[in-house]
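Below: one structure, written as structure tokens.
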Amino acid sequence: MKKWKTVGLIFALFFLSISTLAPQKRIEGPKLYKYRPVNFSYNPHNPLITGPQNEASPFVADQVLVKFKSSLPSVMRRIALSAYQSDTITIIPKVDIYQLKIPEYTSVEEMVYLMSMNPFIEYAEPNYIAHITVTPNDPLFNMQYALNNTGQMIGSVPGSPQGKESADIHAPSGWEEETGRDSVIIGFVDTGLDFDHPELQNKYVSRGKDFVNSDDDATDDHGHGTHIASIAAAETNNGVGIAGVAWNCKILPAKAMTATGSGSYADIIEAVRWLADNGTHVINLSIGGDADSSALEDAMKYAYSLGIVLIAAAGNDSSGVLYPAAYDLYCLAVASTDYNDAHASFSNTGPQVDVAAPGERILGCVPTWYPAQVWEDFDVDPYAYGYGTSSSAPFVAGLAALIKSLKPNLGNSDIMNIIRYSADDVNQELFPGVDDNIGYGRINIEKALRPIRLTKTRK
Amino acid sequence: MTHKRLLLGALSILLFLSYASFAQQSQEQNLEQRTIVKPGLSAEYFDLTIGWDEDENSSNLRSYLFSTNTEISIFDGFSIHFILGYSLSNFDSLTFRELPFSVELGVKEIGGLLVGSEINKRLFYLSEYEINLHGQFVYYYGFNNEWDMPDLNVDGTITGSPTWTRTQIGPTIRYEGLNYIYPFFSATYNKLWGTFTVDQDIQDLFGTEEKKITGKSNFAFSFGSEFEVTPNFFVKGALSIMPYDGGKDFSGLISIQYVMQTQYRRTP
């Protein structure tokens with residue numbers, strides 16, 4: 001008798017294990033494999049992203065969603081549910097989907113498997129949890145179509161243009177992977193920086209260098225430099241103003257352009273060299289000249305040789321690419337697209353163009369002393385819209401800084417290629433492949449940063 | 001590192017016990033000796049939660065193992081198995097972030113060779129229960145695979161090959177009070193570790209990353225039974241639960257074995 005008790009116990013354990021194992025096998029089934037978490041992946045590189053993104057479970061722990069075959073009468077459905085010991089929370093009308101609470105002793109995966117085996121159930125799946133993508137709390141973010149184009153009105157007065165949805169650089173989904181590290185520095189060769197601006201006052205490494213006035217204070221006396229730097233790296237998620245591309249990266253200004261917006265090549269060369277020698281990882285040059293210069297090219301070459309990513313604006317006079325953007329070996333030349341992902345009419349063209357970024361109605365910071373009415377129809381001081389490839393380049397500089405933050409071991413040529421190869425060929429219907437208007441295409445932060453899922457095996 | 005030391009220790013104990021048993025047997029000169037060879041086939045499936053990036057991330061390793069499993073019992077109470085076979089392993093959602101372009105593996109069964117061995121040593125009898133020490137070592141060498149890099153505006157590929165090693169060691173309790181059916185239960189230290197190395201090649205962008213993986217569970221509780229279909233033909237089935245902090249994994253095994261027996265008597 002004792003012997004049979006032992007056998008019975010062993011068999012009970014055996015069958016219990018079979019019933020427990022079976023659902024796990026089914027996890028391989030198509031329904032669960034189809035699910036690919038987009039917003040749920042834990043990202044150790046991005047500690048700023050908190051909340052749902054870091055949660056372990058991608059679905060509600062004790063619930064499943066079930067759809068019975070329409071031919072099954074409701075009484076039979078109730079019998080089936082009682083067999084599964086699941087309680088109906090609600091039946092979602094019109095689509096006839098049951099939201100069920102499952103018993104505590106089983107898991108969602110097991111229940112989904114068991115229910116999927118039932119020929120009267122069309123499908124059963126976990127009650128997945130969705131999240132909004134990373135959206136900064138800066139109040140003007142919804143006006144920054146270039147970062148996230150929802151087809152919103154671009155302007156604050158009646159008659160303002162409206163963009164095309166997704167004609168943007170896909171920033172929010174890219175930020176899920178990386179928002180930048182404060183060890184990464186973006187240098188700006190421009191008119192300087194407004195160090196008192198609330199969006200920039202905590203972002204600069206030092207007061208930079210002024211090569212126009214030969215001092216160590218690159219205060220912006222024009223406005224251009226402040227606007228450009230804010231596009232790349234304005235303080236973000238601070239509940240104030242706009243969002244920058246690289247939330248946490250730092251700014252180092254080098255003033256080479258005067259209050260009238262022009263500057264000598266000598267000052268530009270000095271500024272590039274100084275930034276290169278002072279720890280920058282990316283240098284943005286939203287400036288350009290018509291003349292080719294070996295000296296300027298040498299300065300770019302020098303910075304490039306130190307592993308710095310160089311970004312320059314292609315120019316805004318519908319002609320050939322300006323210098324230094326045209327120094328193709330050392331620099332990414334950036335053209336402009338608009339809020340419909342079309343090539344901006346003013347944007348210079350040429351084989352040196354590498355990529356494009358939005359350059360029409362780009363919201364950015366202006367110096368706090370700036371007369372607000374100068375900048376179009378926007379009336380929230382101290383912010384304004386900017387135009388041109390000057391405004392496009394810092395989006396690319398911000399992306400370069402994000403890549404450097406995420407993958408510090410990558411060299412500058414690799415970062416430049418990642419930016420090129422991940423761009424969206426938004427004019428492929430007219431000019432498939434690399435072309436003179438937008439190069440490889442409009443940059444895409446999501447594709448450059450987030451893991452790409454491999455599905456297609458080569459034979 | 002700790003689990004490898006533990007494993008080495010356990011294997012040393014097993015080897016020592018085996019040696020002691022051999023020595024004892026060889027002294028019993030008049031005992032009838034038998035060499036039993038049991039060629040067999042086995043199929044196993046496991047679904048293991050694996051940790052990577054120093055356990056900061058996790059995904060599942062799902063593997064099918066098909067192998068020939070030849071058991072050689074040189075003397076009563078001690079047997080060695082030689083395992084040779086093929087495995088399909090799926091590393092879905094394993095993510096490589098050190099490459100120029102980060103990639104995440106999709107659903108794909110990667111074929112590979114399987115080699116290993118197993119040792120069973122009877123320790124003692126307790127009434128009708130046979131207490132054994134069981135140790136197993138299995139190594140999977142995955143074939144090289146190549147994927148297209150999707151979503152980019154240029155062509156590119158990823159090539160990669162995985163390996164993993166699994167070890168188990170621990171006691172097995174086998175009930176021998178029935179005819180033809182031999183139920184058993186085992187509690188083993190059970191560890192899996194491995195690597196997945198990938199190379200990225202996109203125009204002039206190149207990168208290599210080696211991802212180390214480890215099974216989350218360290219222990220397996222298995223139960224099953226061996227069925228004597230004929231005196232020379234056995235069928236075995238077993239199921240394992242592998243708990244870990246925050247969940248549990250499973251595996252299932254079925255095998256068949258044919259008994260070939262050689263008998264001889266040693267002269268004193």
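When reading the values below, keep in mind they use all heavy atoms of this one structure, side chains included, and skip hydrogens, waters and symmetry mates. Numbered from 1 within each chain, the chains take letters A, B, ... in sequence-line order.
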Heavy atoms only: give me the nearest [X]-[Y] pair and the separation to one decimal.
{"X": "A:R453", "Y": "B:D92", "result": "NH2-OD1, 2.8 Å"}
{"X": "A:S422", "Y": "B:F101", "result": "CB-CE2, 3.7 Å"}
{"X": "A:L454", "Y": "B:M149", "result": "CD2-SD, 3.9 Å"}

So, A:T455 and B:K108: side-chain donor and acceptor under 3.5 Å apart, yes or no?
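No - no donor-acceptor pair under 3.5 Å links their side chains.
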Ignoring hydrogens and geometry beyond distance, is a side-chain donor-acceptor pair present between A:Y421 and B:D151 at under 3.5 Å?
no
Can you tell if the side chain of B:S102 reaches within under 4.5 Å of the side chain of A:I452, non-hydrogen atoms only?
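The answer is no, as the side chains (C-beta and beyond) never meet within the 4.5 Å cut-off.
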Does some side-chain heavy atom of A:P451 sit less than 4.5 Å from a side-chain heavy atom of B:V103?
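No. Closest side-chain heavy atoms not under 4.5 Å.
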Which atoms of [X] approach chain B - backbone, side chain, both or neither, heavy atom under 4.5 Å:
{"X": "A:L410", "answer": "side chain"}
{"X": "A:K407", "answer": "side chain"}
{"X": "A:I415", "answer": "neither"}

[X] versus chain A, the contacting section by heavy-atom distance below 4.5 Å:
{"X": "B:L152", "answer": "both"}
{"X": "B:T157", "answer": "side chain"}
{"X": "B:L99", "answer": "backbone"}

To the nearest 0.5 Å, how far apart are CZ in A:R420 and CD1 in B:I202?
14.0 Å
Using the ring pair (Phe, Tyr, Trp, His ring centres under 6.0 Å) criterion, which residues pair with A:Y330? Sequence neighbours excluded.
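A:Y330 satisfies ring pair (Phe, Tyr, Trp, His ring centres under 6.0 Å) with A:Y304 only.
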Contacts of B:Y140 that satisfy ring pair (Phe, Tyr, Trp, His ring centres under 6.0 Å) - sequence neighbours left out:
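Ring pair (Phe, Tyr, Trp, His ring centres under 6.0 Å) list for B:Y140, sorted by chain: B:W164.
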With distance as the sole test, does B:N153 use its side chain to make a donor-acceptor pair with the main-chain N or O of A:G433 at under 3.5 Å?
no
Counting distance only, does the side-chain N/O of A:N417 pair as donor-acceptor with the main-chain N or O of B:L205 below 3.5 Å?
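Not a single qualifying donor-acceptor pair exists.
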Test log, rule side chain to side chain contact (heavy atoms under 4.5 Å, CB included), inputs A:D414 and B:F206:
CA-CA 8 Å; A:D414 285 348; B:F206 304 99; over 6 Å; no
For atom [atom1] of [X], decide whether the heavy atoms of other residues, nucleotides or ligands shown that lie under 6.0 angstrom number more than 12.
{"X": "B:Y244", "atom1": "OH", "answer": "yes"}
{"X": "B:D55", "atom1": "CG", "answer": "yes"}
{"X": "B:D155", "atom1": "CG", "answer": "no"}

Are any of the side-chain nitrogens in A:E177 or B:R97 under 4.0 Å away from the carboxylate oxygens of its partner?
yes
Please determine, among B:G207, B:G156, B:G106, the option with the most heavy-atom pairs under 4.5 Å with chain A.
B:G106
